Amino acid sequence: MIIFNEVTKDFKTDFWEKPFRALDKLSFELKQGNIVGFLGANGAGKTTGIKTLLKFIKPTSGSIDYHQVLGKNDREVFKNIGYLPERPYFYPDLTGRELLTYVGQINSIQKSVIKSESLKWSEFLKIDFALDRKLRFYSKGMLQRIGFVSALIKNPKLLILDEPLAGLDPMGRKEFKDAMNILVKEGKTIFFSSHILNDVEEVSKDVVILKTGKLIYSGNVLELIKNKSSNKFDLLVEPYNSELLSDFESIEQGGFKKISIEEDQLQEMLNRLASNNIKIENIRRQTPSLEDIIYRIGI
Amino acid sequence: MKISKILIVSKFTFLEIYKSKIMINIFLSGAVLAILCYIVSEFSFGNPSKVALDVGLGLLSLTTKAIAIFFGANLLKKEIESRTIYLILSNPISRPEFFVGKTLGLFMILLLNTVILGVFTTIFYYYWDGVWSDLIFWSGVHIFLESILILVIVLFFSLITNLNLAIIFSISTYISGYAIRGVQEIGLVKSSPILSKSLSYISYIIPNFSLFNLKNEVLYQQALPPTYIMKSLVYSLVYSSFVVCGAIIILNQKDLD
Ligand SMILES: Nc1ncnc2c1ncn2[C@@H]1O[C@H](COP(=O)(O)OP(=O)(O)O)[C@@H](O)[C@H]1O
Ligand SMILES: [Mg+2]
């Protein structure tokens with residue numbers, strides 16, 4: 001749906017200092033129909049990438065292509081993109097309902113549709129009770145919810161959510177994740193940033209990983225885990241006289257001994273265990289979580 | 001540019017400012033006017049109808065300028081700094097449409113302020129036996145035009161500098177716009193071709209605010225030629241169009257971060 005072509009963004013900080021490079025030749029493609037996690041530590045450049053995508057800021061070099069599906073021009077493209085900002089600050093003196101009406105009207109949505117969509121999504125995201133309150137009285141989590149509703153009422157093809165789960169209570173996080181899963185089943189594409197690995201691993205199929213403005217990985221989460229998974233095996237065996245296998249390190253684990261070995265040593269180890277009559281409790285290929293991998297590639 | 005989009009933005013801008021209780025201030029100004037007139041009439045310091053007119057137009061001029069400067073300086077600044085602008089610009093609307101919509105919203109607030117205080121002034125003026133003159137109406141119109149000119153200048157400055165400087169620059173522009181006509185009339189300046197030449201160039205850039213001050217004409221009941229009204233109307237329209245275009249160009253280039 002969207003292709004980043006070597007997007008670089010420099011920020012001028014002080015007049016005499018050299019500019020700060022927030023995005024460094026960032027290239028990746030956002031495919032249709034998936035939940036794509038945009039992962040990176042604080043300050044990695046996620047928000048900058050999203051702002052460039054939404055044309056709030058211009059790239060220093062490089063370009064972003066918007067697929068035909070989203071529309072031929074800016075107007076059509078923005079009709080098809082729903083956006084939830086990182087820190088949703090809204091007009092403090094408008095009520096939630098007025099905000100939704102404002103956004104709905106800019107999108108030329110019929111009054112009755114604005115009404116029904118607002119109701120539907122604000123009930124789903126449990127913010128319907130506060131629709132007639134001024135936004136200045138909303139908590140951060142409530143703003144996040146009304147912001148999500150405002151991104152949804154225009155029924156966009158692509159949703160761009162900047163740290164949508166930050167600042168939500170556990171129930172809210174679950175409701176947001178549920179909403180994301182429902183939306184992607186409806187055929188929408190979701191691009192959401194997060195610095196929390198577990199969130200990305202839990203909901204998204206694809207992931208784009210950034211480190212200090214540079215792309216580290218872009219693609220399927222499972223594939224990343226598979227590719228980066230080691231050739232090591234963990235064997236859990238019953239306690240034995242440590243002299244028998246003194247050339248292998250082992251650790252105690254729940255009354256058993258755990259031995260980690262390379263794949264090519266597995267056969268030899270099995271033979272030795274058999275010849276020494278050591279019973280095997282469990283053999284398992286080490287499967288790291290996304291978290292392990294990220295720590296390994298050092299983000 | 002699509003008018004419908006502009007009108008939506010202006011509607012909600014108006015609503016937002018309206019709900020921020022600014023209208024209370026407008027009615028307070030009306031109350032101050034009434035009290036002043038009452039005091040004057042009770043203690044007969046002077047002619048109360050004249051005071052109603054003087055104070056009423058003075059308050060109108062002061063409040064429209066204050067609204068134009070302070071709300072104008074914040075109008076886009078706040079949107080950008082608190083990032084509410086993202087919420088709107090991530091929708092099918094262009095930056096120029098957004099800009100014109102915001103401006104129009106505050107324009108409506110200024111218009112409302114002018115109408116309300118104008119009506120108050122006229123009522124009090126009549127109540128204390130004032131005699132109607134078209135000049136009173138035109139004087140209100142000129143105060144309004146002047147506030148629009150100030151508004152677009154503040155908006156322009158608010159896009160290129162910070163809040164405080166935008167306010168300072170705008171007030172400086174206003175004062176120099178007034179002063180420059182006076183300076184041009186000074187004998188010393190008139191006698192120096194270089195000085196008068198350069199001043200006349202500058203006076204093309206800095207708006208001629210003295211054009212909008214009809215206070216003397218009103219107080220001394222002088223007649224106002226129709227061409228004068230035409231001139232100030234066209235002048236403010238052309239001048240503010242240029243400033244708005246400049247502001248739109250800047251906003252279009254601007255990184256919103
Ligand atoms: N307007 C700006 N001027 C200077 N530096 C900026 C600006 N915006 C962002 N940065 C810097 O760019 C880097 C990336 O920021 P950001 O995209 O917000 O990170 P993330 O969203 O991944 O936490 C940070 O180091 C941040 O300080
Ligand atoms: Mg961020």
Side-chain angles (χ1 to χ4, degrees), chain A residues 9-12 22 47-48 50-60 70-71 73-95 98-109 134-136 143 146-147 150-151 153-154 156 158-160 162, chain B residues 1-25 71 74-102 104-106 109 159 161 249-257:
Chain A
K9 180 66 191 178
D10 289 338
F11 285 116
K12 288 177 210 69
T47 300
T48 306
I50 287 174
K51 283 182 192 167
T52 322
L53 197 168
L54 291 163
K55 302 195 178 187
F56 298 152
I57 57 179
K58 290 187 184 64
T60 309
L70 288 173
N73 52 37
D74 275 5
R75 252 201 231 289
E76 290 179 15
V77 168
F78 281 107
K79 177 89 187 10
N80 284 317
I81 295 182
Y83 166 61
L84 173 65
E86 185 172 25
R87 273 161 294 175
Y89 283 114
F90 297 124
Y91 302 99
D93 285 308
L94 295 186
T95 65
E98 282 163 348
L99 175 85
L100 298 178
T101 312
Y102 190 0
V103 172
Q105 289 189 356
I106 294 182
N107 284 283
S108 320
I109 303 171
K134 278 191 177 186
L135 292 167
R136 69 164 77 246
L143 288 175
I146 195 84
S150 80
I153 51 170
K154 61 179 177 179
L158 170 65
L159 271 160
I160 295 177
D162 199 353
Chain B
M1 277 213 257
K2 256 189 161 170
I3 303 291
S4 61
K5 307 260 177 189
I6 293 172
L7 290 180
I8 294 164
V9 174
S10 65
K11 185 172 95 188
F12 283 94
T13 303
F14 180 88
L15 191 66
E16 232 249 320
I17 300 175
Y18 179 81
K19 288 175 76 173
S20 71
K21 308 211 165 71
I22 181 196
M23 295 334 254
I24 292 179
N25 297 332
F71 280 79
N74 276 300
L75 192 68
L76 293 160
K77 205 87 200 159
K78 227 170 67 194
E79 290 265 356
I80 294 171
E81 267 164 20
S82 65
R83 299 181 180 86
T84 44
I85 195 168
Y86 291 168
L87 193 79
I88 303 307
L89 290 188
S90 58
N91 290 295
I93 182 167
S94 68
R95 291 188 188 188
E97 284 161 346
F98 180 72
F99 180 88
V100 176
K102 292 296 294 184
L104 196 61
L106 192 46
I109 292 279
L159 286 175
T161 180
I249 290 170
I250 291 168
L251 183 63
N252 263 338
Q253 301 301 317
K254 207 173 165 66
D255 262 3
L256 302 171
D257 58 8

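Everything numeric in this text was worked out from a predicted model, so none of it was measured. Per chain, numbering begins at 1; letters A, B, ... match sequence-line order.
- For a residue to count as touching a neighbouring chain, one of its non-hydrogen atoms must lie under 4.5 Å from one of that chain's; by this rule A:Arg87 touches chain B with the side chain only.
- Contact tally against chain A (heavy-atom pairs below 4.5 Å) for B:Ile88, B:Ile93, B:Val9, B:Leu15: the top residue is B:Ile88.
- If you take OG1 on B:Thr13 and CG on A:Leu94, they are separated by 9.0 Å, rounding to the nearest 0.5 Å.
- Residues A:Tyr83 and B:Leu87 form no side-chain contact, since every pair of their non-hydrogen atoms from C-beta on lies 4.5 Å or further apart.
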Evaluate A:Leu54 against B:Tyr86 for side chain to side chain contact (heavy atoms under 4.5 Å, CB included), listing each step before the verdict. CA-CA 9 Å; A:Leu54 291 163; B:Tyr86 291 168; over 6 Å; no
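- Contacts between A:Pro92 and chain B at a heavy-atom distance below 4.5 Å involve backbone atoms as well as side-chain atoms.
- Atom CG of B:Asn91 and atom OG of A:Ser150 lie 7.5 Å apart (nearest 0.5 Å).
- The two atoms that bring B:Pro92 and A:Asn107 nearest to each other are CD-OD1, 2.8 Å, heavy atoms only.
- Rounding to the nearest 0.5 angstrom, the gap separating the OH atom in A:Tyr91 from the NZ atom in B:Lys78 is 10.0 Å.
- Only the side chain of A:Lys51 comes within contact range of chain B, with heavy atoms under 4.5 Å apart.
- B:Arg83 contributes atom CZ, which lies 12.5 Å from atom CZ of A:Phe90 (distance to the nearest 0.5 angstrom).
- From A:Asn73, atom CG reaches atom OG of B:Ser94 across 11.5 Å, with rounding to the nearest 0.5 Å.
- Remark: side-chain polar atoms of A:Gln105 are not paired, donor with acceptor, to backbone N or O of B:Ile8 under 3.5 angstrom.
- In this structure, chain B has a heavy atom under 4.5 Å from the side chain of A:Leu99, while its backbone stays farther away.
- In this structure, chain B has no heavy atom under 4.5 Å from any part of A:Thr52.
- A:Thr48 does not touch chain B: none of its heavy atoms, backbone or side chain, sits under 4.5 Å away.
- Identified under the salt bridge (charged side-chain N to carboxylate O under 4.0 Å, His left out) test for residues 73-86 of chain A, with sequence neighbours left out: A:Lys55-A:Asp74, A:Lys72-A:Glu76, A:Arg75-B:Glu97.
- Put simply, the side chain of B:Lys19 reaches to within 4.5 Å of the side chain of A:Lys134, judged on heavy atoms.
- A:Ile57 and B:Asp255 get closest at one heavy-atom pair: CA-OD1, 3.2 Å.
- We find the CD1-CZ distance between B:Ile80 and A:Phe56 to be 12.0 Å, quoted to the nearest 0.5 Å.
- Looking at A:Lys12, there are no atoms closer than 4.5 Å to chain B (heavy atoms on both sides), in backbone or side chain.
- Between A:Asp93 and B:Ser20, the shortest heavy-atom distance links the atoms OD2-CB, 3.3 Å.
- Residue pairs meeting the salt bridge (charged side-chain N to carboxylate O under 4.0 Å, His left out) criterion with at least one member in residues 2-12 of chain B, sequence neighbours excluded, do not occur.
- A:Ile81 touches chain B through its backbone: at least one of N, CA, C or O sits under 4.5 Å from a heavy atom, while the side chain does not.
- Considering every non-hydrogen atom in both B:Asp257 and A:Phe11, the closest pair reads OD2-CE2, 2.9 Å.
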